[in-house]
Amino acid sequence: MPELPEVEVVRRGLDAHVTGRRIAAVQVLHPRAIRRHLPGPEDFSGRLAGREVLAARRRGKYLWLDLDGSEAVLAHLGMSGQMLVQPEGAPDEKHLRVRVRFDDDGPELRFVDQRTFGGLATADQVLVDGELLPTPVAHIARDPMDPAFDLGAAVDAMRRRRTWVKRALLDQTLVSGVGNIYADESLWRTKLHWARPTEKLTRAQAGELLTAATEVMGEALLAGGTSFDALYVNVNGQSGYFDRALAVYGQEGRACRRCGGVIRRDPFMNRSAFSCPVCQPRPRSMRD
DNA sequence: CATACATCCTGACCGC
DNA sequence: TGCGGTCAGGATGTAT
């Protein structure tokens, strides 16, 4: 499940393999993959053909290629999206959705996505807080790896919310890049229960939580990202190894490495929240 | 305006 | 062997 570290691994791969190359032709094999590009597949392909890729950029879980001119190709990997750099002629992946060929006989870029939650679109760019961003990214908060990330502002924003702390942590308009895996890991590191009300968080606790999120995502990035299966891979199709370092996510029934408590899984927003019942006790306001 | 939630999708897995 | 149910879950559009 691509969150910030996984998307950053992909961004680096794109910067290394795609930046500086000129697009020759684009083939859309599944229209749903470009459903957010409202003018449709032919318009999408037409806008990309002949353009040079100037840079690969990212904010939170959004990824985009700056093109010559002012447009960008915006990508979101969703749950299962992959950006693969493959030699022309390599067998098509089962869930290949979009193929991008370049004018230099080098490898092609493929967007592969089993569940089609992700997708590509072109987007105009707009200046937001001194930064040029694709329009659909304008509302996304800076992520903790952004040099201009303001921890104090993020703490204030989080404490202004009136909800469970994990909901706030997952809200991409407060702080971006955190998904279900790193949310649970950050909460465990800070010994906070996922249902702790944000209004009862001290400034220090909110700061520790966001700092923990920054650290755990940094460690995951160093390990090449987290992967449980073949659904998340870098542009060369390789998986990361951070899943071996997870303390609570996916660890139901195993012993907490800090206190020996039995990790539990709770239903949370039609998904799961993993926590240690001993070091992350439920808030009193939420009886069993 | 803020918060909550149903919805999109495919495949792995499990119990019967 | 197959079949139905469950789960994985990011972001959006809609409802409250």
Side-chain angles (χ1 to χ4, degrees), chain A residues 1-8 10-11 29-38 58-64 74-83 92-98 111-121 123 133-141 143 156-187 194-201 213 217 220 225-233 239 243 246 248-253 264-274 285-286:
Chain A
M1 297 112 220
E3 302 180 30
L4 185 154
E6 293 75 33
V7 179
E8 175 60 14
V10 173
R11 190 202 64 78
L29 295 104
H30 194 310
R32 187 172 154 79
I34 60 143
R35 67 192 179 284
R36 300 202 184 284
H37 186 87
L38 301 180
R58 181 189 60 73
R59 172 173 283 196
K61 305 169 197 171
Y62 278 93
L63 182 66
W64 64 95
L74 183 61
H76 199 291
L77 302 180
M79 288 299 304
S80 55
Q82 304 174 4
M83 289 285 200
D92 286 1
E93 292 75 9
K94 181 175 181 186
H95 302 294
L96 177 62
R97 309 304 190 194
V98 179
F111 179 67
V112 176
D113 189 9
Q114 176 208 111
R115 293 168 66 186
T116 66
F117 275 33
L120 308 182
L133 299 173
T135 309
V137 184
H139 68 292
I140 300 293
D143 63 66
D156 292 341
M158 176 167 281
R159 293 179 71 240
R160 276 196 296 271
R161 300 307 292 273
R162 290 294 172 263
T163 186
W164 294 338
V165 61
K166 183 172 172 178
R167 278 185 185 274
L169 198 51
L170 292 173
D171 185 335
Q172 306 296 300
T173 66
L174 296 183
V175 55
S176 68
V178 182
N180 210 36
I181 298 171
Y182 300 115
D184 281 356
E185 294 298 308
S186 308
L187 289 163
W194 50 268
R196 176 74 68 93
T198 44
E199 66 260 39
K200 291 187 178 171
L201 279 186
M217 291 194 293
T226 299
S227 175
F228 304 99
D229 50 38
L231 281 188
Y232 164 70
V233 290
S239 295
D243 57 313
L246 296 176
V248 285
Y249 187 85
Q251 307 299 311
E252 182 183 17
R264 59 178 285 160
R265 181 175 76 90
D266 295 303
F268 169 82
M269 292 173 67
N270 289 325
R271 329 183 141 68
S272 297
F274 295 91
S285 58
M286 201 192 140

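What you see below is based on every heavy atom in this structure, not just the backbone, and it leaves out hydrogens, waters and symmetry mates. Every chain is numbered from 1 and lettered A, B, ... according to where its sequence line falls, protein lines coming before strand lines.
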Which pairs, protein N/O on one side and nucleotides 6-10 of chain B N/O on the other, fall under 3.5 Å?
residue: B/dA6; atom: OP2; partner: A/N270; partner atom: ND2; Å: 3.4
residue: B/dC9; atom: O2; partner: A/R115; partner atom: NE; Å: 3.2
residue: B/dT10; atom: O2; partner: A/Q114; partner atom: OE1; Å: 3.3

For A/F111, check ring-ring contact (aromatic ring centres under 6.0 Å, His included) against everything at least two apart and list the hits.
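A/F111 satisfies ring-ring contact (aromatic ring centres under 6.0 Å, His included) with no residue once adjacent residues are dropped.
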Please pick, from C/dG13, B/dA4, B/dT3, the nucleotide with the shortest atom-to-atom distance to any side-chain atom of A/R162.
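Nearest to the side chain of A/R162 among the choices is B/dT3.
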Nearest listed nucleotide, side chain of A/H76, among C/dT12, B/dA4, C/dA11:
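Of all the options, the side chain of A/H76 is nearest to C/dA11.
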Compare side-chain N and O positions of [X] against OP1 and OP2 of [N] and report whether any pair is under 4.0 Å apart.
X	N	value
A/R265	C/dA8	yes
A/T163	B/dA2	no
A/Y182	C/dG10	no
A/R167	B/dT3	no

Between [atom2] of [N] and [atom1] of [X], the distance in whole Å:
X	N	atom1	atom2	answer
A/R58	C/dG10	CZ	C1'	16 Å
A/L4	C/dG10	CG	C1'	14 Å
A/I140	C/dT12	CD1	C1'	11 Å
A/H139	C/dG10	NE2	C1'	11 Å
A/L74	C/dA11	CG	P	11 Å
A/E3	C/dA11	CD	C1'	13 Å
A/N180	C/dG10	CG	P	5 Å
A/Q82	B/dG11	CD	P	13 Å

Polar side chain donor-acceptor pair, A/T116 to A/R32, under 3.5 angstrom
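There is such a pair between these side chains.
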With sugar-phosphate meaning primed atoms plus P, OP1 and OP2, does A/F268 contact a base, only sugar-phosphate, or nothing at under 4.0 Å between heavy atoms?
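A/F268: no heavy atom of the nucleic acid under 4.0 Å.
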Is a side-chain donor or acceptor of A/D113 paired with a backbone partner of A/G118 at a separation under 3.5 angstrom?
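Yes.
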Just verifying a value: how many Å separate A/H37 NE2 and A/L74 CG, rounded to the nearest 0.5 Å?
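Nearest 0.5 Å value for the NE2-CG distance: 11.5 Å.
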CE on A/M217 to CD on A/E8, rounded to 0.5 Å:
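Nearest 0.5 Å value for the CD-CE distance: 11.0 Å.
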Is it true that A/K166 and A/D184 make a salt bridge, defined as a side-chain N closer than 4.0 Å to a carboxylate O?
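Looking at A/K166 and A/D184, the cut-off is met.
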If I compare all heavy atoms of A/S176 with all of A/I140, which pair ends up nearest, and what's the gap?
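Distance-wise, the nearest heavy atoms are CB-CG2, 3.5 Å.
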